[in-house]
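Just so we're on the same page: letters track the sequence lines, and every chain starts at 1. Being a predicted model, the structure only gives us computed values, none of them experimental.
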There are 2 protein chains.
Amino acid sequence: MADPLVARLELFEPLSSEDRDALAALTERGIPCGKRKDILREGNPVGSLYLMRKGWACRYTILPEGRRQIISFVIPGDLCNDHVLLFHHMEHSIAALTPCEVGVVSPHRFLEVLNTHPRISRALYWSNLVMEAVLRERIITLGRRSATQRIAHLFCELLLRLRAAGLAHDHSFDLPLTQHDIADTLGLNHVHVNRVITTMRKLGLIKLKGHVLEIPNWDDLTALGEFDPRHLNGFVRPGDPTGGSWERQP
Amino acid sequence: MADPLVARLELFEPLSSEDRDALAALTERGIPCGKRKDILREGNPVGSLYLMRKGWACRYTILPEGRRQIISFVIPGDLCNDHVLLFHHMEHSIAALTPCEVGVVSPHRFLEVLNTHPRISRALYWSNLVMEAVLRERIITLGRRSATQRIAHLFCELLLRLRAAGLAHDHSFDLPLTQHDIADTLGLNHVHVNRVITTMRKLGLIKLKGHVLEIPNWDDLTALGEFDPRHLNGFVRPGDPTGGSWERQP
DNA sequence: CGCTCCCTTGATCCGAGTCAACAATCGTGG
DNA sequence: CCACGATTGTTGACTCGGATCAAGGGAGCG
């Protein structure tokens, strides 16, 4: 299997074999991280850049009285802490949701590669833009969508991102989240998440057994969640029936 | 008054006079935009990079049934559409909240300046990181904070950002938002925003008359809104009594 | 085998939304 | 400079989506 970072960047820009070699040479070592363990913790100093190579994690904060908000998910090909190139402290924690493997990279060497490989830095910039669009979309979800729409929207987003990472097949994927995690992502309570998921199952909008989610009817789910795949510009290949891109607009 | 982009970047990195000249030479022309008019509209193609030079704007989307979500605010020194360096379509609209002046820059020339001025590109990267931290903080607000906390948090954030842009004096600033705008920013209803603001006024937490907001007791308001100035890393100068930065942590 | 998560369901409650009406303020044109 | 219409702010009455509290069942794991 290809390096997940290479695979990610090639969604946006074709890389030369020299580019790929430079990226492969970056990772000093891979460190494993156990399920449900913190990979990085809020307030702690970090000196290295961490790349997610295998597994899922989430960025989160704990608020007073123990409330938790999950900010985003980190999947293979994502950088955990690209801000390390400038700051050396974590503003939020990152926890493994499955057993993970994280690549450790020297910020100095990473910057050097960016400076000497314009295709890599462009692809990374593009990837960052898409990740930011995902954050904006989450704001819209949390601000103005109902519980059902939030869940539908999240599932649609995850399918497309995981598919781009080669981690989904057709319309199903492995979902390592508990209903509590989903609640903390979407600003809901886990009891309510359970009720909504139960209803969505009964309506045939999703199939969720064990930790495998299947979306039998993509069009219905996207319509319900007001999911517009265009914000994942570049994550979705042109011609993919599940999505589009702004560039193809007239 | 200095160029707002120069002022912004110098929050993060001292620039040489050559750097400043290069930035000043970028803007081809300034275009005015009337209050409550769209500066850029979702789905439309854009070829230029727009810099906010004067006035406030907001990024927003309109959802089905007319619901609106304001995603973020654009103040002097912000870039409206840095993604134009890669995509040429708007994923959301940007509307002027006050009469604005927007600088128009050629993406090609902008990239050239970034490539030849490492201090500028570093400062801009830093600024982008802070803007992203603001988005993440908004997610936490929308996901897990009460209406009162949301409003308190927003007012604290705005004070610090505006102060960094030289647009606040001491503990007050000009707030061009209607209560409806605040509601659409914080995922609330304007009636409820009104009730909460009325209460906050009665409690002496804020003074809001006309469009001037004053925060008489910073500590109380930050405590109420769980506002942590550290996420504005770099926007707040070391030594500022209203904030801190991660870098100063032990 | 027993503990600990996680899922599920029921009963009840509450923060915020909705609907409605009116007051205050602003902007504009006569 | 004033009149008038259109926003914006304010308040009340009522509703409702989702939170909270509580308790039982199932599955994974040490």
Practice task
Using a 4.0 Å heavy-atom cut-off across all strands, classify B:Gly187 as base, sugar-phosphate, or nothing.
Solution key: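 Sugar-phosphate, no base atom in range.
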In whole Å, what is the span from the [atom1] atom of [X] to the [atom2] atom of [N]?
{"X": "B:Asp181", "N": "D:dT7", "atom1": "CG", "atom2": "P", "result": "14 Å"}
{"X": "A:His192", "N": "D:dC16", "atom1": "NE2", "atom2": "P", "result": "15 Å"}
{"X": "B:Leu208", "N": "C:dT25", "atom1": "CG", "atom2": "P", "result": "13 Å"}

Practice task
Only one of B:Arg230, B:Arg136, B:Glu137 passes side-chain contact (heavy atoms from CB on, under 4.5 Å) with A:Glu91; say which it is.
Solution key: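 By the side-chain contact (heavy atoms from CB on, under 4.5 Å) criterion, A:Glu91 pairs with just one of B:Arg230, B:Arg136, B:Glu137: B:Arg136.
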For nucleotides 24-30 of chain D, list the nitrogen or oxygen atoms of the protein found under 3.5 Å from its nitrogen or oxygen atoms, one pair per line.
none

Practice task
Check whether any side-chain heavy atom of A:Leu97 lies under 4.5 Å from a side-chain heavy atom of A:Phe73, and answer yes or no.
Solution key: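 Sidechains of A:Phe73 and A:Leu97: in contact.
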Handout entry: Electrostatic pair A:Arg161:A:Asp78 at N-O distance under 4.0 angstrom
Key = yes
Handout entry: Salt-bridge contact A:Asp3-A:Arg53 (side-chain N to carboxylate O under 4.0 Å)
Key = yes
Exercise for the section: Without swapping roles, check the side chain of A:Arg145 against the backbone of A:Leu142 for a donor-acceptor pair under 3.5 Å. Expected result: no
Exercise for the section: Please answer whether the main-chain N or O of B:Arg138 pairs with a side-chain N or O of B:Arg150 as donor and acceptor at a distance below 3.5 Å. Expected result: no
Handout entry: Phosphate OP1/OP2 of D:dT20 contacted by A:Asn189 side-chain N/O (<4.0 Å)
Key =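 The answer is yes; a side-chain N or O of A:Asn189 sits under 4.0 Å from OP1 or OP2.
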Handout entry: Side-chain donor-acceptor pair present, A:Arg163, A:Thr242, cut-off under 3.5 Å
Key =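 There is such a pair (donor and acceptor under 3.5 Å, judged by atom type) between the side chains of A:Arg163 and A:Thr242.
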N/O to N/O distances under 3.5 Å, protein versus nucleotides 10-13 of chain D:
{"from": "D:dT10", "atom 1": "OP1", "to": "B:Arg201", "atom 2": "NH2", "distance (Å)": "3.0"}
{"from": "D:dT10", "atom 1": "OP2", "to": "B:Gln179", "atom 2": "NE2", "distance (Å)": "3.0"}
{"from": "D:dT10", "atom 1": "OP2", "to": "B:Asn194", "atom 2": "ND2", "distance (Å)": "2.8"}
{"from": "D:dT10", "atom 1": "OP2", "to": "B:Arg201", "atom 2": "NH2", "distance (Å)": "3.0"}
{"from": "D:dT10", "atom 1": "O5'", "to": "B:Asn194", "atom 2": "ND2", "distance (Å)": "3.3"}
{"from": "D:dG12", "atom 1": "N7", "to": "B:Arg195", "atom 2": "NH1", "distance (Å)": "3.0"}
{"from": "D:dG12", "atom 1": "O6", "to": "B:Arg195", "atom 2": "NH2", "distance (Å)": "3.4"}
{"from": "D:dA13", "atom 1": "N6", "to": "B:Arg195", "atom 2": "NH2", "distance (Å)": "3.0"}

Handout entry: Under the side-chain hydrogen bond (donor to acceptor under 3.5 Å, both in side chains) test, residues paired with A:Thr178 that sit two or more places apart
Key = A:Asp181
Handout entry: Shortest side-chain distance from B:Leu188, nucleotide among D:dT8, C:dA16, C:dC7
Key =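 Taking heavy atoms from C-beta onward, the closest nucleotide is C:dA16.
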